[in-house]
Participant: 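Questions regarding the structure given below will be posed in turn.
The shown structure was predicted, so the numbers you read here are calculated from the model rather than taken from an experiment.
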Amino acid sequence: MEDQEDIQQYIDREISLRSENKELKKELSYLKEQVKILNNDKNNLLLEIETKYENKELTIQLNEKVKQLQSELIDYKQRSYGLIENQKTWLKSFYNDVDTIERENDKLTKQLLDRETELEIITERYTKMMNTKTMKWTGKYWNLLKKIH
């Protein structure tokens, strides 16, 4: 009977072990599934970290580019300001020259008008004088012709 009891125990033990084995297989399967999920999460996190690192590198590069462009802009502004100052001096000189030339032109125009007025007066006097002389000569000519006839 002891044999039978041992066999019964053995069978119970076997059933129990098989049942436990099934449970362990289920648990193992569940854990494998969890490992896959965690590996996927890990890969996703690594991708995200890599992307953030690349974005950080890109941000650093963009910041350096912005600093470079700002320094170029400052340099450009300084050169432009220098050119404007040089042109400002030149323009003041040019304005003064133009102003002087305009005053000289006005003076010469006034002199020309005065001369033209004087010429008109002289021409008018000359014409009157010539008309008078011509009339005198014409009168003398007619008088002489009358005397001769």
Participant: Give, for atom OG1 of Thr117 and atom CZ of Arg115, the distance between the pair rounded to the nearest 0.5 Å.
Facilitator: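 One gets 11.5 Å once the value is rounded to the nearest 0.5 Å.
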
Participant: So if I apply the side-chain contact (heavy atoms from CB on, under 4.5 Å) rule between Arg125 and each of Ile121, Thr127, Thr123, which one comes out positive?
Facilitator: Ile121

Participant: Apply side-chain contact (heavy atoms from CB on, under 4.5 Å) to Lys65 and Gln61, showing your working.
Facilitator: CA-CA 6 Å; Lys65 185 73 173 176; Gln61 289 174 354; over 6 Å; no

Participant: What do the steps show when you test Glu72 against Gln68 for side chain to side chain donor-acceptor pair (under 3.5 Å), and what is the final call?
Facilitator: CA-CA 6 Å; Glu72 288 176 8; Gln68 177 189 358; 3.2 Å; yes

Participant: Working to the nearest 0.5 angstrom, can you tell me the gap between Met129 CE and Ile122 CD1?
Facilitator: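 Answer rounded to 0.5 Å: 11.0 Å.
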
Participant: Quick one: CG on Asp6 to CD1 on Ile11, what's the gap to the nearest 0.5 Å?
Facilitator: 11.0 Å

Participant: Are the side chains of Tyr95 and Lys92 in contact, using a 4.5 Å heavy-atom criterion?
Facilitator: no

Participant: Contact between Lys77 and Ile74 at the side-chain level, heavy atoms closer than 4.5 Å - yes or no?
Facilitator: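 No. Closest side-chain heavy atoms not under 4.5 Å.
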
Participant: Measuring from Ile101:CD1 to Leu108:CG, what's the distance to the nearest 0.5 Å?
Facilitator: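 So the gap between those two atoms works out to 11.5 Å.
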
Participant: With a 3.5 Å distance limit and no angle check, can you tell me whether Ser80 reaches the backbone of Tyr76 through a side-chain donor-acceptor pair?
Facilitator: yes

Participant: What distance separates Asp114 CG from Leu119 CG, expressed to the nearest 0.5 Å?
Facilitator: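 If we round to the nearest 0.5 Å, Asp114:CG and Leu119:CG are 12.5 Å apart.
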
Participant: Does the pair Asp106/Lys110 count as a salt bridge with the N-to-O cut at 4.0 Å?
Facilitator: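 So Asp106 does not pair with Lys110 through a salt bridge.
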
Participant: Are any side-chain N or O atoms of Ser19 and backbone N or O atoms of Ile15, one a donor and one an acceptor, separated by less than 3.5 Å?
Facilitator: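 Pair absent, no side-chain N/O of Ser19 close to backbone of Ile15.
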
Participant: Please tell me if the side chains of Lys32 and Lys36 come closer than 4.5 Å, counting only heavy atoms from C-beta onward.
Facilitator: no

Participant: Do Leu38 and Lys42 make a side-chain contact, defined as non-hydrogen atoms from C-beta onward lying under 4.5 Å apart?
Facilitator: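 No, their side chains stay 4.5 Å or more apart.
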
Participant: Got a donor-acceptor contact below 3.5 angstrom from the Ser93 side chain to the Thr89 backbone?
Facilitator: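 Between the backbone of Thr89 and the side chain of Ser93 there is no qualifying donor-acceptor contact (under 3.5 Å).
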
Participant: Roughly how far, to the nearest 0.5 Å, is CD of Glu50 from CG of Leu45?
Facilitator: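 If I round to the nearest 0.5 Å, the distance is 12.5 Å.
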
Participant: Could you give me the CA-CA distance, side-chain angles and deciding distance for Tyr10 and Arg13, then say whether side-chain contact (heavy atoms from CB on, under 4.5 Å) is met?
Facilitator: CA-CA 5 Å; Tyr10 178 76; Arg13 177 103 169 108; 5.5 Å; no

